[in-house]
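What follows is a single structure, written as structure tokens, with notes after it.
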There are 4 protein chains.
Amino acid sequence: MNTFGQRLRLTTFGESHGPAMGGVLDGVPPRFKIDFEALQRGLDRRRPGQSALTTARNEADRPEFLSGITEEGITLGTPIGFIVRNGDHRSSDYSATLLRPNHADYTYMLRYGIRDHRGGGRASARETVNWCVGGEIARQLLATKGITIQARLISVGGQESGFEEIIAAAKKNGDSVGAVVGCVASGVPGGIGDPVFGKLHARLAQAIMSINAAKGFDYGLGFEAANQLGSNVMDIFEADENGIHTATNYSGGIQGGISNGQDIWFRVAFKPTPTLMKDILTVDIEGAQNILKAAGRHDPCVGVRAVPVVEAMTALTIADAMLADGVSFT
Amino acid sequence: MNTFGQRLRLTTFGESHGPAMGGVLDGVPPRFKIDFEALQRGLDRRRPGQSALTTARNEADRPEFLSGITEEGITLGTPIGFIVRNGDHRSSDYSATLLRPNHADYTYMLRYGIRDHRGGGRASARETVNWCVGGEIARQLLATKGITIQARLISVGGQESGFEEIIAAAKKNGDSVGAVVGCVASGVPGGIGDPVFGKLHARLAQAIMSINAAKGFDYGLGFEAANQLGSNVMDIFEADENGIHTATNYSGGIQGGISNGQDIWFRVAFKPTPTLMKDILTVDIEGAQNILKAAGRHDPCVGVRAVPVVEAMTALTIADAMLADGVSFT
Amino acid sequence: MNTFGQRLRLTTFGESHGPAMGGVLDGVPPRFKIDFEALQRGLDRRRPGQSALTTARNEADRPEFLSGITEEGITLGTPIGFIVRNGDHRSSDYSATLLRPNHADYTYMLRYGIRDHRGGGRASARETVNWCVGGEIARQLLATKGITIQARLISVGGQESGFEEIIAAAKKNGDSVGAVVGCVASGVPGGIGDPVFGKLHARLAQAIMSINAAKGFDYGLGFEAANQLGSNVMDIFEADENGIHTATNYSGGIQGGISNGQDIWFRVAFKPTPTLMKDILTVDIEGAQNILKAAGRHDPCVGVRAVPVVEAMTALTIADAMLADGVSFT
Amino acid sequence: MNTFGQRLRLTTFGESHGPAMGGVLDGVPPRFKIDFEALQRGLDRRRPGQSALTTARNEADRPEFLSGITEEGITLGTPIGFIVRNGDHRSSDYSATLLRPNHADYTYMLRYGIRDHRGGGRASARETVNWCVGGEIARQLLATKGITIQARLISVGGQESGFEEIIAAAKKNGDSVGAVVGCVASGVPGGIGDPVFGKLHARLAQAIMSINAAKGFDYGLGFEAANQLGSNVMDIFEADENGIHTATNYSGGIQGGISNGQDIWFRVAFKPTPTLMKDILTVDIEGAQNILKAAGRHDPCVGVRAVPVVEAMTALTIADAMLADGVSFT
């Protein structure tokens with residue numbers, strides 16, 4: 001359903017062109033001071049309308065916090081309710097009847113028999129603004145333990161540099177392009193994660209694969225490990241005055257589903273934006289052929305704006321796992 | 001914790017060298033006849049000791065069913081309890097104090113401050129026998145709807161053929177080798193999956209990444225989609241007398257987190273078996289350097305025996321999602 | 001945490017004197033038309049400020065719905081987000097340091113080390129406005145199956161009639177008085193409820209005991225059954241053209257945790273309102289003795305306004321159980 | 001479903017006349033030494049066949065522990081699997097077709113369309129042996145914090161003394177009789193419980209109402225509070241060198257859903273055993289009238305053997321709540 005997490009739980013709602021997005025973040029420890037300016041800066045990173053490379057839709061994306069926080073910005077331990085109003089609608093860009101390929105139009109109809117076609121409704125990546133509100137709070141919580149989370153574009157269209165040109169070229173052609181995002185979480189203490197069904201990397205996989213357009217996840221050497229001999233990828237143990245650690249980190253900071261104190265690192269594959277600025281042959285919900293006209297405002301490369309979303313989901317996942325494992329933040 | 005699933009829930013227990021593995025499968029619909037012979041054949045596929053390519057440990061792996069089923073093999077709708085006795089122990093092969101690299105020895109100590117070192121304890125892939133018991137029942141349930149699940153080795157050590165030789169060579173050298181397993185689920189009806197945090201592919205990702213040694217998951221074009229232009233990977237809709245479908249299936253049978261009626265296909269990367277038949281420099285739990293002597297019995301390529309486990313987790317995930325979405329099996 | 005239900009899930013937030021109450025109702029079936037006027041009439045039943053017998057606080061209690069519903073009032077199957085602004089604050093009535101007896105002031109401090117003292121913060125019965133928003137939607141859903149839920153005052157201060165006078169007398173004396181509320185759910189089909197830990201009456205018990213000031217719950221003959229011989233309380237089976245039913249309904253419509261198609265009936269005991277209009281000796285959070293001055297606006301008998309809240313929680317519980325058991329509402 | 005608890009989770013299985021009962025207790029902290037002799041003594045308290053007042057069925061009730069514990073009896077932090085073999089069957093005492101009044105025969109058929117009629121199958125109170133295994137471990141865990149749980153019969157057939165005679169008289173007449181059980185948990189620290197939907201008393205209500213034949217639950221003054229004026233039931237705060245406490249404990253040790261450090265006390269109403277040693281007119285599953293012959297072995301007063309079960313569920317609930325609230329037991 002629409003809840004993420006066990007002990008730090010984010011429950012969200014909102015259709016892209018409805019009155020508001022919003023959510024409830026439950027389980028934030030009490031007596032923690034939120035830095036709302038830093039939170040807003042975090043949100044601004046995913047906000048559309050900021051450069052030629054991203055969608056022109058312009059939303060203020062200023063969350064209104066409704067509970068769980070004192071007037072001084074201190075958490076009460078009670079759930080934090082928030083809403084983010086939707087401002088800049090252009091619903092007429094969207095057809096109520098045509099099925100857009102590689103979108104969720106058809107599958108929503110299969111599942112619900114009804115859908116809000118305006119801006120993709122609930123299936124829009126607009127939902128991720130909720131995740132970033134929760135994720136920024138989680139990130140600030142983690143920072144009190146010295147934990148940092150940093151994602152970045154690794155490749156676009158298969159190239160590891162020249163991203164701006166690749167995206168601009170795709171945009172000019174009315175096309176879109178895929179990307180790989182990498183992420184590193186540093187400072188996570190060892191011992192976090194459940195060893196069987198709640199493996200830390202399996203929880204990260206679920207979290208990250210929930211992001212719109214994500215097609216793949218791997219951690220540490222990932223798919224490359226499948227090509228290797230065991231003797232080439234051993235993270236040999238060493239010990240010094242700081243205790244036991246591994247000399248290398250092919251494992252990606254998690255062994256047996258539990259963090260080992262090294263950097264947690266992983267990759268995410270994003271498909272190209274499914275909306276093209278080209279006419280496309282498709283069918284309507286009755287199955288009749290028709291032309292989907294290019295319209296709407298869209299990022300030619302979803303990977304760009306996914307970077308802060310990857311960080312947000314990582315922060316939520318790690319903070320949740322730490323709280324579940326009894327780490328005290330107060 | 002040690003429970004998988006929402007509506008079809010598998011709760012498991014067991015240490016590799018303890019008295020027994022076992023579990024509780026809750027949520028199986030009533031009045032369904034289990035084919036125990038087929039179930040045993042399914043279990044036999046993952047059983048060790050069957051070929052030169054897999055570990056020599058020999059376990060009968062015959063589950064004893066304790067509840068939830070009539071004497072005629074008909075499900076009651078009540079939880080199915082089962083145990084699988086552990087037979088062929090050789091605990092003396094395992095050190096109580098040395099930390100094996102790329103295993104969970106160290107992280108278990110970080111988390112619990114105690115571990116059952118015999119055979120890897122709870123971290124052993126022996127646990128997957130429980131998953132296969134549950135998975136075989138789920139598979140039989142899905143078969144009543146015409147759904148089939150088929151996994152296979154796609155590559156070993158980066159090569160797409162000649163697997164036996166690659167594995168034999170690694171074994172001869174006391175080494176191990178990684179592998180990629182692919183899986184296809186056919187016949188899954190459209191409309192299954194929750195669209196936000198319970199996306200069907202995100203649940204599959206968590207399930208599959210729970211398998212020992214899994215390092216990566218992607219579905220449909222997966223990581224390859226990240227290298228592509230949008231115009232190259234469009235699954236254009238068509239309609240005929242059977243209704244609406246896509247002309248291609250780059251998406252992997254899931255769009256917006258919901259199945260679209262096409263084949264669901266995905267890949268899993270497995271790292272090389274972490275145990276080598278070579279002496280390895282390591283440390284003990286006090287941090288003192290020592291030599292880990294080659295011992296124990298191990299698969300040189302975990303991907304081989306992972307094939308039926310991938311199928312089991314896929315069957316559990318899809319059956320769970322269908323039950324959660326109100327599909328009736330009775 | 002702050003989520004109720006399994007398949008119909010209400011997640012709530014809000015402090016009594018914060019900006020707003022609100023919540024997310026997840027799992028409402030799609031394509032269901034909500035009657036917002038009826039919903040508002042339902043909310044008005046619990047609204048304060050309606051008679052001399054209830055608190056003088058006046059809130060408009062008009063929820064703003066933010067998602068999950070089309071402009072025509074049809075549910076989308078996606079989560080329904082809503083907020084209810086808090087209007088009529090009088091926070092100066094509340095002490096930040098004195099602990100009010102029989103309230104949650106002290107226990108919130110024990111648990112969180114911080115509390116919003118204004119109006120009781122999160123512990124205020126103001127929270128039940130959220131439950132009534134969810135409950136009214138659940139009630140409308142149940143009505144499509146012919147199910148009705150009706151609660152009423154059974155006794156006040158131990159008397160089964162003359163409630164107005166008893167409450168008025170207590171109020172005049174600055175005192176308060178307890179009450180018993182009874183509730184009947186008619187039309188619930190047989191077969192609803194899980195037989196072991198998810199017994200329908202156990203879920204009702206948890207739901208109803210969550211209401212502020214509830215001290216006891218029993219169903220069917222309840223505590224009276226404990227005084228009886230078995231031969232006096234047998235619900236003998238009969239059969240006629242409508243099938244099998246019981247001749248009496250001592251059991252309260254649930255046997256073995258599963259509904260049997262008869263009326264579900266139960267009772268709830270509410271303690272007297274803990275706030276008196278009298279000065280009371282108490283301590284502050286440092287343990288220093290002090291006088292708690294009579295202030296604030298309070299119902300002298302919480303049982304009165306609890307009646308619609310009992311109905312709301314009953315509706316949520318039964319609708320949740322029916323959805324969990326696969327009943328289709330679409 | 002068949003799982004109880006959030007952080008200390010008991011998942012159970014078993015039909016009364018099947019091969020075995022059993023379960024998985026997940027979430028027990030590591031490095032805790034279980035006293036198996038004390039555990040067995042605890043189980044023996046609920047075991048049938050011990051006195052003329054209880055059923056003559058004789059079961060050894062010796063659990064076999066299969067995982068999660070070292071050979072020295074130390075917990076590993078991994079799930080504890082156990083089974084309890086069913087020995088003394090007399091299935092011929094039970095009709096496959098007749099519906100026993102006040103039992104779950106009819107409702108199981110409504111829900112599942114199939115049932116194990118032998119000994120009541122899954123609906124039998126035999127299931128509570130599983131709860132007592134889990135409960136005894138929870139009790140030992142709580143004891144390390146100085147917490148004790150003690151239940152006792154408060155009344156039988158409405159009388160507060162002379163229990164043996166009342167039960168013997170009922171038995172002699174082939175009848176049965178109801179009872180009230182009281183329970184006190186001492187030493188529970190303040191601050192335990194979630195304040196809204198996870199109120200500690202609401203969780204206790206669900207746990208206790210899950211016990212077979214339970215019809216009512218109240219805590220503190222309970223139903224009696226509903227008859228009182230507020231000024232009569234105030235738990236006035238006092239402070240001394242041990243800190244803040246209440247002078248009385250009408251509240252039952254919980255305020256606003258959170259423990260306040262005082263004794264937690266509550267009552268449970270049990271109906272008379274539904275099986276009488278008299279012929280009863282009933283119907284079969286086709287609705288045809290028939291005579292249910294007196295047979296089987298049954299406690300004339302379920303309240304007697306319920307005493308240790310009430311303690312078990314209380315121990316599980318409190319230990320679960322403490323673990324969820326981050327209390328460390330290691």
Side-chain angles (χ1 to χ4, degrees), chain A residues 1-2 4 99 101-102 104 106-107 110-111 122-123 157-158 170 175-180 190-191 194-199 201-202 205-206 209-210 215-218 220 222-223 225-231 234-237 239 244 251 255-256 258 260 269-273 276 282-283 287, chain B residues 1-2 4 99 101-102 104 106-107 110-111 122-123 157-158 170 175-180 190-191 194-199 201-202 205-206 209-210 215-218 220 222-223 225-231 234-237 239 244 251 255-256 258 260 269-273 276 282-283 287:
Chain A
M1 297 172 81
N2 293 276
F4 177 80
L99 301 179
N102 286 24
Y106 177 54
T107 53
L110 287 175
R111 180 170 169 74
R122 182 90 185 119
D175 212 328
S176 64
V177 64
V180 174
D194 268 359
V196 177
F197 294 122
K199 288 182 167 79
H201 60 260
Q206 170 150 28
M209 292 299 282
S210 300
K215 298 298 290 187
F217 170 93
D218 65 2
F223 273 90
N227 303 336
Q228 294 289 333
L229 293 175
S231 55
M234 279 295 180
D235 287 326
I236 298 298
F237 285 111
I244 295 169
S251 295
Q255 291 179 321
I258 302 170
N260 69 354
F270 289 97
K271 69 178 183 182
T273 313
L276 306 185
T282 191
V283 299
Chain B
M1 299 172 78
N2 294 274
F4 177 81
L99 300 179
N102 286 25
Y106 177 54
T107 53
L110 287 174
R111 178 168 171 76
R122 182 90 185 117
D175 212 328
S176 63
V177 63
V180 174
D194 267 359
V196 177
F197 294 123
K199 288 183 167 80
H201 60 261
Q206 170 149 27
M209 293 299 282
S210 299
K215 298 298 290 187
F217 170 92
D218 65 2
F223 274 90
N227 303 336
Q228 295 289 332
L229 293 175
S231 54
M234 279 295 179
D235 286 325
I236 298 298
F237 284 111
I244 295 168
S251 296
Q255 291 180 320
I258 303 170
N260 69 355
F270 289 97
K271 69 177 182 182
T273 312
L276 307 184
T282 189
V283 300

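All values derive from a computational prediction rather than experimental measurement.
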What option among A:Ala226, A:Gly178, A:Pro195, A:Ala104 has the most heavy-atom pairs under 4.5 Å with chain B? A:Ala226
Looking only at A:Ser176, A:Ala205, A:Gly198, most heavy-atom pairs under 4.5 Å shared with chain B are made by A:Ser176
Measure distances from B:Phe217 to the heavy atoms of chain A and classify the residue's part below 4.5 Å as side chain, backbone, both or neither. both
In terms of heavy-atom pairs under 4.5 Å with chain B, the winner among A:Asn227, A:Val180, A:Leu99 is A:Asn227
Look at the aromatic rings of B:Phe223 and A:Phe223 and report parallel, tilted or perpendicular, splitting at 30° and 60°. perpendicular
Please enumerate all residues that pass salt bridge (charged side-chain N to carboxylate O under 4.0 Å, His left out) together with B:Arg111, with sequence neighbours excluded. A:Asp194, A:Asp325
Looking at A:Ala239, A:Gly256, A:Gly230, which makes the most heavy-atom pairs under 4.5 Å with chain B? A:Gly230
Most heavy-atom pairs under 4.5 angstrom with chain B, which of A:Val177, A:Leu229, A:Leu276, A:Asn2? A:Leu229
Taking side-chain hydrogen bond (donor to acceptor under 3.5 Å, both in side chains) as the definition, give me every residue that meets it alongside A:Ser251, ordered by chain and number, with sequence neighbours left out. A:Asp235, A:Gln255
Which region of B:Asn260, side chain (C-beta onward) or backbone (N, CA, C, O), has a non-hydrogen atom less than 4.5 Å from a non-hydrogen atom of chain A, or is it both or neither? both
For B:His201 and A:Met209, the nearest pair of non-hydrogen atoms, with its separation, is NE2-O, 2.9 Å
Under 4.5 Å, counting heavy-atom pairs only, tell me which of A:Ala170, A:Gly220, A:Gly157, A:Gly190 racks up the most with chain B. A:Gly157
Considering only heavy atoms, which portion of A:Ala179 lies under 4.5 Å from any heavy atom of chain B: side chain, backbone, both, or neither? backbone
Check the orientation of B:Tyr106 and A:Phe237. Use parallel for under 30°, tilted for 30 to 60°, and perpendicular for over 60°. perpendicular
Close side-chain approach of A:Lys215 and B:Asp218, heavy atoms under 4.5 Å: no
Heavy-atom side-chain contact between A:Pro101 and B:Ile236 under 4.5 Å: yes
Quick one: of B:Gly216, B:Gly287, B:Gly222, B:Ala202, who has the most non-hydrogen atom pairs under 4.5 Å with chain A? B:Ala202
Which bit of A:Phe4 is near chain B, if near means a heavy-atom gap under 4.5 Å: side chain, backbone, both or neither? both
Taken to the nearest 0.5 Å, the spacing of B:Leu110 CG from A:Ile258 CD1 works out to 8.0 Å
Heavy-atom contact with chain A under 4.5 Å, split by part of B:Lys271: both
